[in-house]
Novice: 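If you scroll down you'll find the structure; I have some questions about it.
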Amino acid sequence: MLASAAVNILFASETEKAEFWIPLLEKALPQDRFVTTTDQPIDIALIATPPAGTLGKLKGVKLIQSLWMGVEKLLADPGLPKGVPIARLLDPGMIAAMSESVLSHVLDWHRHHYRYRAQQAERQWRRRKQYLASDRTVGILGMGVLGTDAAKKLLALGFNVAGFSRRPKSMPGVQCFTDLAAMLRITDALVCLLPLTNETRGILNGRNLGLLKKHACVVNLARGGHLVVSDLIRELDSGHLAHAYLDVFDQEPLAPSEALWTHPGITITPHSAALTEPRTAIAKIAENVERVRRGETPHHLVDFASGY
Ligand code: NAP
């Protein structure tokens with residue numbers, strides 16, 4: 001493609017608002033044409049939860065740029081055309097938001113705020129034992145973009161931090177593991193930031209949760225498919241786990257009839273741990289559009305073999 005050539009860019013999402021995004025995209029990429037239908041040839045597709053059938057019409061596009069960090073739904077769509085590269089969106093605003101969510105849940109557990117909220121409902125004045133951050137080890141499942149940012153910020157607060165990844169890693173101040181059981185045995189607060197793949201589905205199961213230290217908390221901000229809900233409830237009800245913070249669920253929105261809503265050991269948020277933030281994401285999207293225009297490989301391409 002010529003370095004100056006204008007490109008046709010499809011914006012297809014049932015969750016992200018085109019009327020909000022497109023004016024910002026047009027400002028960042030003034031020479032390009034943004035469309036919301038596949039009636040004309042498309043060069044690049046910007047996608048998050050696209051309307052049914054959209055992916056099947058994208059044969060031959062040069063790039064599918066996800067508007068989200070997680071791409072498991074795109075990869076599982078039978079209409080996904082073979083041979084089209086997919087890029088994840090690494091949005092600085094979203095990364096910062098995720099670390100804030102990790103810190104707020106870990107601190108809520110560490111400072112006993114979930115217990116004090118329950119005590120307030122009972123008008124009960126009772127101080128709990130104080131721990132130092134250095135008494136606690138936070139274990140992070142997934143030491144990718146999100147896991148490493150959260151690790152840095154937890155270290156800055158004085159927590160011991162351990163991280164689990166598929167391939168061996170080293171990060172200053174972090175105990176890095178590829179042996180899951182070894183990490184779980186030293187973990188007081190477990191934070192899941194893994195992609196959902198065949199290997200990671202159900203990783204938060206009874207056997208693994210049972211390895212955590214007594215009165216640990218579990219924070220799942222990745223995907224609902226990582227958690228075996230009945231196993232979590234068993235570990236909470238037995239008193240082995242102190243509390244769980246769940247942001248993601250197999251079926252979203254979580255149905256009003258779900259028992260999880262009222263379990264005293266569970267704090268629920270509506271898949272809001274980190275949202276794509278157009279103000280910080282647009283520059284990253286524009287960077288990849290320019291790379292395609294120059295005939296260069298886009299950043300952050302999905303590795304189809306590993307599923308993330
Ligand atoms: P990433 O950069 O691709 O990092 C993934 C990490 O997981 C890597 O460290 C990887 O190991 C590790 N991993 C993958 N498969 C593994 C396995 N089988 N065993 C052990 N470790 C494994 O991903 P990210 O950008 O940090 O995002 C992670 C996930 O967060 C996304 O996929 C998405 O589902 C979720 N998310 C949720 C929200 C929300 O609002 N709740 C928002 C954004 C993202 P290697 O380092 O060895 O590759």
Side-chain angles (χ1 to χ4, degrees), residues 13 15-16 47-49 65-76 86-105 139-154 161-171 174-184 187 190-205 208 218-227 244-254 267-278 280-281 284 299-308:
S13 176
T15 42
E16 302 291 331
I47 297 282
T49 51
Q65 169 69 63
S66 169
L67 297 173
W68 286 1
M69 294 184 92
V71 289
E72 78 287 348
K73 280 206 178 122
L74 284 181
L75 297 182
I86 301 181
R88 296 196 311 127
L89 179 58
L90 303 197
D91 162 21
M94 187 192 236
I95 297 165
M98 182 58 92
S99 290
E100 288 163 11
S101 292
V102 170
L103 294 181
S104 67
H105 294 316
I140 303 178
L141 296 175
M143 287 298 283
V145 177
L146 296 175
T148 51
D149 192 71
K152 257 185 261 162
K153 292 168 181 171
L154 288 161
V161 179
F164 171 67
S165 57
R166 193 163 58 93
R167 295 162 292 192
K169 259 211 157 52
S170 90
M171 180 175 168
V174 176
Q175 260 188 286
C176 293
F177 291 86
T178 51
D179 175 347
L180 177 60
M183 186 184 88
L184 296 175
T187 294
L190 183 68
V191 177
C192 183
L193 291 173
L194 284 165
L196 185 61
T197 66
N198 291 337
E199 286 71 40
T200 64
R201 183 174 292 282
I203 194 166
L204 300 175
N205 57 37
N208 287 335
V218 171
V219 182
N220 187 18
L221 308 181
R223 287 292 182 260
H226 289 121
L227 177 68
Y245 300 86
L246 305 181
D247 185 57
V248 282
F249 303 89
D250 258 339
Q251 291 299 321
E252 296 181 2
L254 188 65
T267 296
I268 288 175
T269 47
H271 199 147
S272 57
L275 310 177
T276 301
E277 174 57 62
T280 50
K284 297 291 170 189
H299 287 307
H300 315 305
L301 289 182
V302 171
D303 172 358
F304 290 97
S306 48
Y308 65 98

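Numbering of ligands and ligand atoms starts at 1, following listing order.
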Novice: Show which atoms of ligand 1 fall inside a sub-4.0 Å distance from at least one heavy-atom site of Val248.
Specialist: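 That gives atoms 41 (N) of ligand 1.
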Novice: Are any side-chain N or O atoms of Thr276 and backbone N or O atoms of Trp68, one a donor and one an acceptor, separated by less than 3.5 Å?
Specialist: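 Answer holds: no.
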Novice: When only distance counts, is Val145 in polar contact with ligand 1, meaning an N/O pair under 3.5 Å?
Specialist: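 Val145 vs ligand 1: N/O contact under 3.5 Å present.
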Novice: Nearest to atom 46 (O) of ligand 1, what protein heavy atom do you find, and at what distance?
Specialist: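 It is Lys169 NZ, 2.8 Å.
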Novice: Could you check atom 30 (O) of ligand 1 against the protein and tell me its nearest heavy-atom contact, residue, atom and distance included?
Specialist: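 It is Leu146 CD1, 3.5 Å.
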Novice: Does the side chain of Ser99 pick up a donor-acceptor pair with the side chain of Asp149 at under 3.5 Å?
Specialist: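 Asp149 and Ser99 do have a side-chain donor-acceptor pair below 3.5 Å.
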Novice: Does an N or O anywhere in Gly144 fall below 3.5 Å from an N or O of ligand 1?
Specialist: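 The answer is yes, given that Gly144 and ligand 1 share an N or O pair closer than 3.5 Å.
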Novice: In the protein, what heavy atom is nearest to atom 17 (C) of ligand 1, and what distance, to one decimal place, separates them?
Specialist: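 The closest one turns out to be Thr200 CG2, 3.8 Å.
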Novice: Please write down residue, atom name and distance for the protein heavy atom closest to atom 34 (O) of ligand 1.
Specialist: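 Among all protein heavy atoms, the one nearest atom 34 (O) of ligand 1 is Arg223 CZ, 3.2 Å.
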Novice: Below 3.5 Å, N or O to N or O, backbone or side chain included: is there any such pair between Met143 and ligand 1?
Specialist: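 Yes - when backbone and side-chain N and O of Met143 are compared with those of ligand 1, one distance drops under 3.5 Å.
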Novice: Any N or O on Arg167 sitting closer than 3.5 Å to an N or O of ligand 1?
Specialist: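 N/O-N/O distance under 3.5 Å: yes.
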Novice: With respect to Leu193, determine whether any N or O atom, backbone or side chain, lies less than 3.5 Å from an N or O atom of ligand 1.
Specialist: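 Between Leu193 and ligand 1 (N or O atoms, distance only) the closest approach is not under 3.5 Å.
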Novice: Tell me whether Tyr308 has any N or O atom under 3.5 angstrom from an N or O of ligand 1.
Specialist: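 Checking ligand 1 against Tyr308, an N or O pair does fall under 3.5 Å apart.
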Novice: Would Arg166 count as being in polar contact with ligand 1, using the rule that some N or O on each side must be under 3.5 angstrom apart?
Specialist: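 Such a contact does occur with ligand 1.
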Novice: Please state which protein non-hydrogen atom is closest to atom 7 (O) of ligand 1 and give its distance, to 0.1 Å?
Specialist: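 Its nearest protein heavy-atom neighbour is Pro195 CD, 3.3 Å.
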Novice: Please report the closest heavy-atom contact between Ile95 and Leu146, naming both atoms and the distance.
Specialist: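 In terms of heavy atoms, the two residues are closest at CA-CD2, 3.9 Å.
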Novice: Flag yes if more than 12 heavy atoms outside Lys73 fall under 6.0 Å of its NZ atom; otherwise flag no.
Specialist: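 Not buried by this count: 12 neighbours or fewer within 6.0 Å.
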Novice: Output yes when the distance from some N or O of ligand 1 to some N or O of Gly142 is under 3.5 Å, and no in every other case.
Specialist: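 In fact, backbone or side chain, Gly142 has no N or O that close.
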Novice: Give the numbers and elements of all ligand 1 atoms closer than 4.0 Å to a heavy atom of Gly70.
Specialist: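 Going through ligand 1 atom by atom, the ones under 4.0 Å from Gly70 are 31 (C), 32 (O), 33 (C), 34 (O).
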Novice: Please say which of Glu199, Arg167, Arg166 ends up in a side-chain contact (heavy atoms from CB on, under 4.5 Å) with Ser306.
Specialist: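 Running side-chain contact (heavy atoms from CB on, under 4.5 Å) over Glu199, Arg167, Arg166 with Ser306 returns exactly one hit, Arg166.
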Novice: Quickly, which of Leu221, Asn220, Val219 forms a side-chain contact (heavy atoms from CB on, under 4.5 Å) with Asp247? Name it, please.
Specialist: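 When Leu221, Asn220, Val219 are each tested with Asp247, the side-chain contact (heavy atoms from CB on, under 4.5 Å) holds only for Leu221.
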Novice: For the 3.5 Å polar cut-off, considering only N or O atoms, please tell me whether Arg88 and ligand 1 meet it.
Specialist: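 By distance alone, the answer is yes.
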Novice: Would you indicate which of Leu221, Leu194, Ile203, Leu246 comes nearest to atom 29 (C) of ligand 1 when only heavy atoms are counted?
Specialist: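 Ranked by closest heavy atom to atom 29 (C) of ligand 1, first place is Leu194.
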Novice: Can you find a non-hydrogen atom of Leu196 under 4.0 Å from ligand 1?
Specialist: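 False for this residue.
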Novice: Going by distance only, is there an N or O of Asp247 that falls short of 3.5 Å from an N or O of ligand 1?
Specialist: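 Asp247 vs ligand 1: N/O contact under 3.5 Å present.
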Novice: I need the nearest protein heavy-atom contact for atom 38 (C) of ligand 1: residue, atom name and distance, please.
Specialist: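 Scanning the protein heavy atoms, the shortest distance from atom 38 (C) of ligand 1 goes to Met98 CE, 3.3 Å.
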